[in-house]
Each structure stands twice: as C-alpha cells, then as structure tokens.
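Everything below concerns the one structure shown next.
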Amino acid sequence: MLEFSSHEGKIRLGPDRMLIFRQAAFGVLRALLFERLGVEMTHSVLAQFGHRCGQGDYHALTTMFEWDTDDDCLAAGPILHSWEGVVLAKPEHIRYDRAEGIFHMYGTWESSYEAETHREHIGESSVPTCFTLAGYASGYASAFMGRPMLCVEAQCVAAGATSCRWEIKPAEEWDARADPYRRALASTDGTIHKELERSLDRLSTPLLRVWDGVLAMPIIGTLDARRTATITATLLEEVIRSSARSVILDVTGVETVDAATADGLLRIVSAVELLGAQCHLSGMRGEVARTLSASQINLGGLRTFATVRQALRHCLPLTAAR
C-alpha cells in the first residue's frame, strides 16, 4: 500500500504523502508542548492533529479501495493505525447503523506511542494522555458515519493503568466525561493562535522576584497594545499578591525605543505606581539613550539605570525604609 519514491524523497499512501519520525524525537516535541502551552492547549493541538490524520486515512483508503462491506471499511482504520506503528488497536465491541446514526465502539490500545513517550519524557500523569489517538479515532469514525463522533479515553497506561481503554459514540450522547475532548476539538485556529500568542508573551516577559518586595521583568522587543496589556496585568497581579514596593523594568533586550514602546512603558509604570509601588528602568544602553535624547519622547520622571544591579541597589534602601 505504501509507495517508496526514494528518488523524490517521498513516501505515499495513495495520493497522500506520509512521513516517518523517531518516537524519541516526538517525545521531545510533546514535552515541549506541555511545558510551553500547558495541558489543555496541548490536548487541543494534538487532538486536532490526530483528528485530521484519522479523516485523511479514511478518505485515502476509500479512494484507493472499494470495500466489500462497511465492516471492512471501518476495521481498516484501526488496522492502518497499527501498520503505521502508532498503536495496536483492539476493538472489543462494534455496533453501528449508518442510516440511523447509531454508533458504539470500544476496546483497548496496546503499545501506545503516546503513553510510552509521555511516561518517558514527562512522567506519570493524573489523566489519560493519548490525545492524538483519541483524535484519530474521532476523525476516522466521524468520516465513516458522516456526522461527529467522539472518542474518549477512559484509562491510560501513562496514568498508571495496565492498558489504555477507549470508547466512541456520537458526540451528543456523551456526558461530562467527554467535556475535555469536546473542548479540544472545538478550539478553532483563532483560539489556538490567541492562546499561543499569550503563551509566547508570558515566555518573552518572565517576572522575577529578585528581593523581598522587589520585582524585575526583562522586556525584549517592542511593546504594542496587546503586549503592554499582558505585561501590565501580570505585573499588577504580582504586585498585589507579593506586596511589592519596587518594580524594575529591564530593557536590555530592546533594540530601539520608538513612540509606541515608550508609550507602553509609561502606561505600565503609571498602572504599577497607582498601586503604591515604584518603577525603575534598567538596561538603558547608549543606542537607546541617544534615540530618546534625539526624539520628542518624554519618559517623565522615570528613574533609569545602566544595569539591573544598579537599579536593585537603589531599590533596597527604599524597600527597607518601608
């Protein structure tokens, strides 16, 4: 069924190009997704990836072959998944009526690559983690039935079970157990993109507690309205939580300070100082200082320092005095 075209650097299943990756490499990618995006967003990304794989395999198989029975067509999905080296799928119960929209199927997954990589690279989980497998089963069954089907993993080897167990039925027939799987597949490209932006903003502007009552935040790049709002919200929350008295904004990673960046800094400073904390600017390099002095940008009475250390030395007496 696979066509290996080494002269093109391609492997094909019917009209579709297939790829082979090392499991260990995917494990590293999966661990990075969990670390950077969190469980819920990683679930969404991997589930939708699996869903499209399932739909794609169904359409490829039905294009390549004419099946003698619907049973053969349905069974081809789990078999192909096994041939692909992803998992050994073992259905235990199958009941369906395509005309009436009836579908119920359950069974086990053995040798799940997801469970293996999760335990190896992340550790034992408190919830099932075979997100792409469940997405694949949902996508294949939905394409087979011509209506939304939803696969839910009831237990998982990555969560300490002896086997991974799954169940598929129409999406509307599931109870609250399926809510995480519904949300994962319901997330649109827009919501995923926005969450990725928020995650990148958090990563690019880490908040550090450098001393009792003193917070520091390195700022890299420019400040647009969205980043300014994110940074302000993060800072205000932490100032209130930690009763911080001083905040150091380090702009070492800012190449140039234009009007938008300066306005963003002033908005952040104003918001923080309304809570009674003082703001200081560190990392003021020569290029940035020359840009500011040659422009009409006014930073008001904001105190600036060459390094975070200098700013911290200034903050410590103020912190002790309070």
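In what follows, every heavy atom counts, from backbone to side chain, and hydrogens, waters and symmetry copies are set aside.
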Whether Glu124 and Arg119 form a salt bridge (side-chain N of Lys/Arg under 4.0 Å from carboxylate O of Asp/Glu) is what I want to check. yes
Taking 4.0 angstrom as the limit, do Arg30 and Glu120 come out as a salt bridge?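 Between Glu120 and Arg30 there is no salt bridge, as every charged N stays at least 4.0 Å from the carboxylate O atoms.
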Tell me whether [X] contacts the main-chain N or O of [Y] through its side chain, where contact means a donor paired with an acceptor under 3.5 Å.
X      : Y      : value
Trp109 : Leu133 : no
Gln155 : Ala161 : no
Ser111 : Leu88  : no
Tyr181 : Ala171 : no

Least distance between heavy atoms, [X] atom then [Y] atom:
X      : Y      : answer
Ala134 : Cys151 : O-CB, 3.5 Å
His118 : Ser125 : NE2-CB, 3.6 Å
Ala60  : Asp16  : CB-OD2, 3.5 Å
Asp250 : Ser282 : OD1-OG, 2.6 Å
Val152 : Ala178 : CG2-CB, 3.7 Å
Thr129 : Cys156 : N-SG, 3.6 Å

Relative to the ring of His81, is the ring of Tyr136 parallel (under 30°), tilted (30 to 60°) or perpendicular (over 60°)? parallel
Using 30° and 60° as the class boundaries, would you call the ring planes of His43 and Phe131 parallel, tilted or perpendicular?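 Ring orientation, 0 to 90° scale: parallel.
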Can you hop from [X] to [Y] via hydrophobic side chains spaced under 4.5 Å?
X      : Y      : answer
Leu32  : Phe26  : no
Ile20  : Leu80  : yes
Leu37  : Phe49  : no
Val269 : Leu275 : yes
Ile94  : Ile79  : yes

Before you tell me yes or no, could you show the steps for Glu173 and Phe103 under side chain to side chain contact (heavy atoms under 4.5 Å, CB included), namely the whole-Å CA-CA distance, both residues' side-chain angles and the distance that decides it to 0.1 Å? CA-CA 10 Å; Glu173 294 182 11; Phe103 191 96; over 6 Å; no
Got [X] and [Y] here, is their nearest side-chain heavy-atom distance under 4.5 Å?
X      : Y      : value
Glu84  : Met18  : yes
His280 : Gln310 : no
Leu265 : Ile219 : yes
Leu281 : Arg303 : no
Leu249 : Val272 : no
Leu312 : Phe305 : no
Leu215 : Glu238 : yes

Give, for atom [atom1] of [X] and atom [atom2] of [Y], the distance between the pair rounded to the nearest 0.5 Å.
X      : Y      : atom1 : atom2 : answer
Thr232 : Ile268 : OG1   : CD1   : 4.5 Å
Ile248 : Met217 : CD1   : CE    : 12.5 Å
Glu3   : Ile11  : CD    : CD1   : 10.5 Å
Ser242 : Arg209 : OG    : CZ    : 5.5 Å
Leu19  : Lys10  : CG    : NZ    : 11.0 Å
Arg309 : Arg313 : CZ    : CZ    : 6.0 Å

Does [atom1] in [X] sit with more than 12 non-hydrogen atoms of other residues, nucleotides or ligands closer than 6.0 Å?
X      : atom1 : value
Arg267 : CZ    : no
Trp67  : CH2   : yes
Glu40  : CD    : no
Glu66  : CD    : no

Within 45 degrees of the ring normal and closer than 6.0 Å to the centroid, is that where the cationic atom of Arg98 sits relative to Phe144? yes
Under the side-chain contact (heavy atoms from CB on, under 4.5 Å) test against Trp166, which residue among Pro91, Ser112, Ser138, Pro128 passes?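 Between Trp166 and the candidates, side-chain contact (heavy atoms from CB on, under 4.5 Å) is satisfied uniquely by Pro91.
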Would Ser142 and His51 count as a side chain to side chain contact (heavy atoms under 4.5 Å, CB included) if you check the C-alpha gap in whole Å, the side-chain angles of each, and the deciding distance to 0.1 Å? CA-CA 9 Å; Ser142 296; His51 196 274; 4.2 Å; yes
Any chance you could lay out the side chain to side chain contact (heavy atoms under 4.5 Å, CB included) test for Arg147 and Glu172, step after step, and finish with the verdict? CA-CA 11 Å; Arg147 55 180 296 191; Glu172 68 274 10; 2.3 Å; yes
Evaluate the side chain to side chain contact (heavy atoms under 4.5 Å, CB included) criterion for residues Tyr140 and Leu61: first the C-alpha distance (whole Å), next the side-chain angles of each, then the deciding distance (0.1 Å), finally the verdict. CA-CA 11 Å; Tyr140 195 95; Leu61 290 171; 3.8 Å; yes
Is there a donor-acceptor contact under 3.5 Å linking the side chains of Thr132 and Glu114?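 The criterion, which ignores hydrogens and geometry beyond distance, is satisfied for Glu114 and Thr132.
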